[in-house]
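Structure, as structure tokens:
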Amino acid sequence: MDKGYERERFESISIKSSVAQKFRRYCKAISKSQSMTLLSMLEFFEASGISPEERLGPNIKTLESSLKKRINAVIAIVRDIEKNQTKPTVAMIQSLFEGFETDKKPLLLEKEEPKQQEETKFIEHNQMDV
């Protein structure tokens, strides 16, 4: 029995016998009752905003294959960018850093004062203490 519709009564609809046979075959193919199949169809058309007379254009398989082709093209573009732009740039930067050796010399060097000036400072310092 159809869940949620157990207490509802049946109505009859007049349709041509060939259409009824085709509809019954379709209901068996999707394993649903005739009421639930018709309800699913109505909900589909209402939700998607299309009419049964409209054609959806290419079928799903064609649409899927065209999307796969597009995705593969995008992947190829990204791989080409990696190969021709990103990887060579990274390699050049790494080679620059490898070739650059840092010497452990201090960047600022203290200037040494001549000994004479040091002695003068020492004498001046001692005279201040006295």
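Because the structure is a prediction, the values reported are computed rather than measured.
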* Pairing residues for Ser66 by the side-chain contact (heavy atoms from CB on, under 4.5 Å) criterion, not counting sequence neighbours -> Leu63
* To do: Provide the closest heavy-atom pair for Ser33 versus Cys27 in the form atom of the first, atom of the second, distance.
  => O-SG, 4.2 Å
* Asked: Applying salt bridge (Lys or Arg N to Asp or Glu O under 4.0 Å), which residue pairs with at least one partner in residues 68-78 are found, sequence neighbours left out?
  -> Glu64-Lys68
* Asked: How about Leu67: does its CG atom have over 12 heavy atoms from other parts shown lying under 6.0 Å from it?
  -> yes
* **With sequence neighbours excluded, residues passing side-chain contact (heavy atoms from CB on, under 4.5 Å) with Tyr26** => Ile30, Thr37, Met41
* Structure fact -> Contacts of Ile93 meeting side-chain contact (heavy atoms from CB on, under 4.5 Å) (sequence neighbours excluded), chain-then-number -> Thr89, Phe97
* Quick one: list whatever passes side chain to side chain donor-acceptor pair (under 3.5 Å) with Asn84, sequence neighbours left out. => Asp80
* Partners of Arg9 by side chain to side chain donor-acceptor pair (under 3.5 Å), sequence neighbours excluded? -> Glu11
* Asked: Other hydrophobic cluster members with Val90, side-chain heavy atoms of Ile/Leu/Val/Met/Phe/Trp/Tyr under 4.5 Å, chained?
  -> none
* To do: Please report the closest heavy-atom contact between Leu39 and Tyr5, naming both atoms and the distance.
  => CD2-OH, 3.2 Å
* Asked: Looking at residues at least two apart in the chain, or sitting in another chain, which of them share a side-chain contact (heavy atoms from CB on, under 4.5 Å) with Ile77?
  -> Ile81
* Contact list for residues 13-37, test salt bridge (Lys or Arg N to Asp or Glu O under 4.0 Å), sequence neighbours left out -> none
